[in-house]
Amino acid sequence: MKNIHPMLFVLLVSGTAGCHPRMGAEGCAMHGPERLLPEQVRQVRLGMSRDVLEQLLGPADYSPAEGLLYFSTGGDCPVAEGSERQASCGLVAEFRDHRADGEAVVGASLRSCWWGAIGE
């Protein structure tokens, strides 16, 4: 996996907080331009295993925490709605559940996902 600065996750979440995502039929939020959305990402479904996801998209490019995976899909996505700043498009896949005490527990199936700009 590629080494990317750990603060990427914080920037990634804060950079897309103002976006109004559309939901794909598969349950992933879509934050990027429809024309850049790869067919493989359209096939991602909540509940699928990590093995199946990696068969579809290849190995994850980065994993900042156990059960959280980033897959680069190429192209330039806007960092925020209406912004001219762009970053590489990618899929963020989470296999973690968050308990009431805040602890993340890694599960066997995809719990949430979104596609859009991944970058600083």
Side-chain angles (χ1 to χ4, degrees):
M1 292 191 193
K2 297 176 188 172
N3 290 326
I4 300 175
H5 193 276
M7 286 301 295
L8 174 65
F9 180 71
V10 173
L11 292 169
L12 189 132
V13 172
S14 64
T16 59
C19 292
H20 299 287
R22 59 194 181 282
M23 296 302 285
E26 63 285 323
C28 293
M30 304 297 162
H31 296 277
E34 183 76 23
R35 64 182 170 72
L36 295 177
L37 183 63
E39 182 56 38
Q40 296 92 327
V41 173
R42 294 177 196 273
Q43 296 174 34
V44 173
R45 302 287 185 259
L46 296 180
M48 66 184 354
S49 71
R50 179 176 176 166
D51 287 343
V52 171
L53 182 64
E54 288 186 329
Q55 286 175 8
L56 188 63
L57 299 178
D61 293 300
Y62 179 62
S63 179
E66 188 178 358
L68 186 62
L69 308 172
Y70 296 175
F71 297 88
S72 176
T73 61
D76 292 323
C77 286
V79 173
E81 189 174 318
S83 173
E84 292 186 22
R85 283 189 49 222
Q86 295 186 331
S88 296
C89 301
L91 180 82
V92 176
E94 185 161 16
F95 288 83
R96 304 178 302 176
D97 279 320
H98 297 277
R99 297 189 330 200
D101 64 4
E103 184 177 338
V105 179
V106 178
S109 63
L110 183 62
R111 305 302 298 161
S112 66
C113 53
W114 64 265
W115 176 82
I118 298 181
E120 301 181 32

Measure across [X] and [Y] and return the closest heavy-atom pair with its distance rounded to 0.1 Å.
X	Y	value
Glu54	Pro59	OE2-CA, 4.0 Å
Gly116	His31	CA-CB, 4.0 Å
Glu66	Arg96	O-CD, 3.0 Å
Ala117	Val79	CB-CA, 3.9 Å

In chain order, what residues pass the side chain to side chain donor-acceptor pair (under 3.5 Å) check against Glu84, with sequence neighbours excluded? none
State which residues pass side chain to side chain donor-acceptor pair (under 3.5 Å) with Asp101; sequence neighbours excluded, sorted by chain then number. Arg99
Taking the side chain as everything from C-beta on, heavy atoms only, tell me whether Cys113 gets closer than 4.5 Å to Leu91. yes
Residue pair Val41 / Cys28, side-chain heavy-atom distance below 4.5 Å: no
Rounded to the nearest 0.5 Å, how far apart are [atom1] of [X] and [atom2] of [Y]?
X	Y	atom1	atom2	result
Thr73	Leu57	OG1	CG	8.5 Å
Arg42	Met30	CZ	CE	8.0 Å
Met48	Gln43	CE	CD	8.0 Å

Between Leu53 and Phe71, is a side-chain contact (heavy atoms from CB on, under 4.5 Å) present by the stated rule, with each step listed? CA-CA 10 Å; Leu53 182 64; Phe71 297 88; 3.6 Å; yes
Can you list every disulfide bond (SG atoms under 2.5 Å apart) pair that touches residues 40-87, not counting sequence neighbours? Cys77-Cys89
Enumerate, atom names and distances included, each donor-acceptor pair closer than 3.5 Å involving a side-chain atom of residues 105-112, sequence neighbours excluded.
from   : atom 1 : to    : atom 2 : distance (Å)
Arg111 : NE     : Asp97 : OD1    : 2.8
Arg111 : NH2    : Asp97 : OD1    : 3.4

With Ser88 via side-chain contact (heavy atoms from CB on, under 4.5 Å) - residues at least two apart: none
Check for a donor-acceptor pair, side chain of Asp76 on one end and backbone N or O of Gln86 on the other, with a separation under 3.5 Å. no
